[in-house]
**Student:** 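One structure, as structure tokens, below. Some questions next.
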2 protein chains.
Amino acid sequence: MTTKPRASMRTAARTATPTEARFERVQPGTVAGSLYRAVKRALLQAIEHGSCTPGSALPSEADLARAFGVSIGTVRHAVDELVAEHIVVRQHGRGTFVAVHNADRFLFQFFHVERCDGLQEVPKVELLHFDRARAGETQAAALGLKAGEPIFEIENRLLLQGQAVIHDRLALPASLYKGLTERRFRERPSTIYHLYQTVFAITVTRAHERARAVGADRTATRILGVQAGSPVMEVHRTALTFGDKPVEFRLSTINTARHDYVHLLSRPV
Amino acid sequence: MTTKPRASMRTAARTATPTEARFERVQPGTVAGSLYRAVKRALLQAIEHGSCTPGSALPSEADLARAFGVSIGTVRHAVDELVAEHIVVRQHGRGTFVAVHNADRFLFQFFHVERCDGLQEVPKVELLHFDRARAGETQAAALGLKAGEPIFEIENRLLLQGQAVIHDRLALPASLYKGLTERRFRERPSTIYHLYQTVFAITVTRAHERARAVGADRTATRILGVQAGSPVMEVHRTALTFGDKPVEFRLSTINTARHDYVHLLSRPV
DNA sequence: AAGTGGTCTAGACCACCAT
DNA sequence: TGGTGGTCTAGACCACTTA
């Protein structure tokens with residue numbers, strides 16, 4: 001396919017390389033025929049399979065180019081796409097790092113409720129319930145399981161400005177979160193997605209949500225303090241990891257009396 | 001955008017005249033210091049000021065590089081960003097075209113209501129009311145006007161699968177849409193944003209929405225056929241053109257009994 | 001066959017960060 | 001000062017569309 005003879009190039013000594021990943025020369029794959037896509041795939045594999053852990057630096061672009069046997073421009077093209085997908089983060093003068101799920105990222109990418117006047121705030125999360133259960137129809141469908149397969153079921157109440165605004169019911173496939181306990185969940189140091197990422201090597205990369213307006217049921221009145229039957233928003237979120245594999249289903253009930261669900265159509269570049 | 005946006009694009013490109021824009025050599029500007037940003041600004045100016053009209057082809061990348069006195073790689077970097085912002089569309093082997101607001105783009109970028117089972121459909125729009133009015137507080141704030149400034153107020157009912165699902169109330173600054181008449185609005189050949197673009201040279205580039213759940217009022221019951229007080233979604237949308245200038249405010253009431261408001265968090269690349 | 005965008009190379013120099 | 005990403009060049013060849 002390529003005219004250039006790719007002479008065997010020994011991978012450079014990686015004594016200074018901060019990750020453990022070993023990269024080999026790439027050829028344009030058959031699936032997505034371009035070289036930069038092959039490089040991207042290789043980097044994704046390394047991140048997905050734990051050779052490059054969240055927060056660690058990738059090898060420098062020059063090193064990657066040498067290791068893969070491609071030019072720097074090709075490496076940059078691949079990394080550009082990973083940056084656009086929030087998989088890695090570039091820092092001028094420092095390096096390129098595997099993105100970490102911290103509070104900022106959660107607020108920016110995965111949390112869309114704010115006060116009517118536009119005030120944004122990281123929600124305070126109260127754990128209400130933690131249990132093992134079996135997937136119902138909806139949960140199973142969203143998670144790609146069969147009904148009855150084991151899941152963790154977790155209930156949270158989210159507070160904004162000290163007020164209960166959101167009731168979340170999470171469903172996690174038990175097979176993906178082996179060893180998860182209530183204590184471990186409760187004592188996580190950061191966001192829930194940070195817990196998934198650091199303890200279970202599950203990185204949430206994308207999600208999709210479907211929202212509708214419903215009347216508040218008993219549960220909503222009890223947990224959010226709204227009147228029975230009063231209008232609240234109900235959001236079904238499925239969170240995905242690499243390869244669009246579902247790793248969390250979340251049913252949220254939002255009291256939109258003093259808060260809005262915000263949606264930006266086409267972000268600026 | 002699961003279907004092919006090709007056909008419409010193709011027609012548009014064939015009928016439109018090639019661009020008349022004349023480009024001069026660029027220097028790295030003082031605002032955003034890089035050369036490719038200067039190229040991007042120049043292209044945006046040309047599009048915004050009508051030298052490159054919607055549907056027409058940009059000069060080829062080689063020509064742009066010559067005209068601007070930069071290398072092709074620099075031109076591509078600039079165009080890459082315009083593509084990411086949906087300002088232009090590349091077509092391999094044909095050229096790069098100023099994006100047209102057609103039904104496909106509307107569905108893909110600006111319409112987020114679909115049937116619970118995931119069925120997407122271009123809504124049928126019924127005009128209910130068309131009038132000149134004066135901006136209220138909310139409308140003025142969203143549009144960057146003073147309360148009382150003249151606007152067009154337009155009411156639509158949107159049908160999906162033959163059922164009334166959405167009630168839209170649009171507010172347009174009268175100063176931006178001089179000569180707009182009910183007839184012109186009613187007899188538009190395509191989407192509303194296509195009308196803005198072709199007749200008033202207003203291209204909607206982005207929008208932001210704020211959604212909440214409310215009880216259906218008299219108007220909602222009359223127009224959507226829902227029970228008084230039943231939960232419906234209310235969405236405030238502000239549509240923006242270049243430079244984030246607001247050009248439309250839209251208040252939507254959505255009957256979410258059989259339809260969902262959909263939100264994709266982080267699109268794939 | 002001619003023209004377009006898509007990929008890729010093999011460098012260069014600059015801006016930024018840490019030491 | 002050395003290493004990183006950010007920008008830019010001046011080409012080459014490939015894939016695709018149209019005439």
**Student:** Give the nucleotide from the list D:dG5, C:dG5, C:dC8 with an atom nearest to the side chain of B:Arg90.
**Tutor:**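 Nucleotide nearest to B:Arg90's side chain: C:dG5.
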**Student:** For B:Arg66 and D:dA10, give me the distance from atom CZ to atom P, rounded to whole Å.
**Tutor:**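 Distance check: B:Arg66 CZ to D:dA10 P gives 13 Å.
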**Student:** Can you see whether B:Glu209 engages B:His263 through a side-chain donor-acceptor pair at a distance of less than 3.5 angstrom?
**Tutor:** no
**Student:** Would you find a donor on one side and an acceptor on the other, under 3.5 Å apart, between the side chain of A:Thr53 and the backbone of A:Gly50?
**Tutor:** no
**Student:** Which pairs, protein N/O on one side and nucleotides 17-19 of chain C N/O on the other, fall under 3.5 Å?
**Tutor:**
none

**Student:** Taking A:Val70's backbone N and O only, do any of them form a donor-acceptor pair with A:Thr74's side chain (distance below 3.5 Å, no angle check)?
**Tutor:**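 Answer holds: no.
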**Student:** Listed by chain and number, what are the ring-ring contact (aromatic ring centres under 6.0 Å, His included) partners of B:Phe68, not counting sequence neighbours?
**Tutor:**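 By the ring-ring contact (aromatic ring centres under 6.0 Å, His included) rule, B:Phe68 matches B:Phe23.
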**Student:** Over how many whole Å does the gap from A:Leu35 atom CG to D:dC13 atom C1' extend?
**Tutor:** 14 Å
**Student:** Keeping to residues at least two apart or across chains, list the side-chain hydrogen bond (donor to acceptor under 3.5 Å, both in side chains) pairs with something in residues 106-115 of chain A.
**Tutor:** A:His86-A:Gln109, A:Arg105-A:Gln109, A:Gln109-B:Ser266, A:Glu114-B:Arg210, A:Arg115-A:Asp117
**Student:** Please report, rounded to the nearest Å, how far the P atom of C:dC8 is from the CZ atom of A:Phe68.
**Tutor:**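 A:Phe68 atom CZ is separated from C:dC8 atom P by 13 Å.
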**Student:** Among residues two or more places apart or on two chains, list those pairs meeting salt bridge (Lys or Arg N to Asp or Glu O under 4.0 Å) that have a residue in residues 183-197 of chain A.
**Tutor:**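 Salt bridge (Lys or Arg N to Asp or Glu O under 4.0 Å) check on residues 183-197 of chain A returns A:Glu182-A:Arg186, A:Arg183-A:Glu187.
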**Student:** Could you state the CD-P distance from B:Glu61 to D:dT9, rounded to the nearest angstrom?
**Tutor:** 14 Å
**Student:** Look at the side-chain N and O atoms of A:Ser71 and state whether any lies under 4.0 Å from the OP1 or OP2 oxygen of C:dC8.
**Tutor:**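 So the side chain of A:Ser71 is outside the cut-off, no N or O lying under 4.0 Å from OP1 or OP2 of C:dC8.
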**Student:** Go through the structure and list residues passing side chain to side chain donor-acceptor pair (under 3.5 Å) with B:Glu248, not counting sequence neighbours.
**Tutor:** B:Tyr193, B:Tyr196, B:Arg250
**Student:** Grab the CG-P distance between A:Leu58 and D:dG5 for me, whole Å please.
**Tutor:** 8 Å
**Student:** Check the distance between C:dG6's P and B:Leu64's CG and give it to me in whole angstrom.
**Tutor:** 13 Å
**Student:** Hey, would you say the B:His101 and B:Phe110 ring centroids sit under 6.0 Å apart?
**Tutor:**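 Yes, the ring of B:His101 comes within the 6.0 Å limit of the ring of B:Phe110, centre to centre.
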**Student:** Please state how far atom CZ in B:Arg37 lies from atom P in D:dT7, giving the value in whole angstrom units.
**Tutor:** 8 Å
**Student:** Tell me which residues in residues 75-82 of chain B lie within less than 4.0 Å of DNA chain D, going by non-hydrogen atoms.
**Tutor:**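 Heavy-atom contacts with DNA chain D come from B:His77.
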**Student:** Please check the phosphate of C:dT9 (OP1 and OP2 only) for any side-chain N or O of A:Thr74 closer than 4.0 Å.
**Tutor:**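 It does, given that an N or O in the side chain of A:Thr74 lies less than 4.0 Å from OP1 or OP2 of C:dT9.
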**Student:** Main chain of A:Leu240, side chain of A:Thr205: is a donor-acceptor contact present, judged purely on distance under 3.5 Å?
**Tutor:**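 The answer is yes, because a donor-acceptor pair under 3.5 Å joins these two groups.
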**Student:** Just how far, in rounded Å, is P of C:dG5 from CD of B:Gln91?
**Tutor:**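 Atom-to-atom, B:Gln91 to C:dG5, this comes out as 11 Å.
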**Student:** If you assign each of B:Ser60 and A:Ile72 to its closest nucleotide in DNA chain C, which residue comes earlier from the 5' end?
**Tutor:** B:Ser60
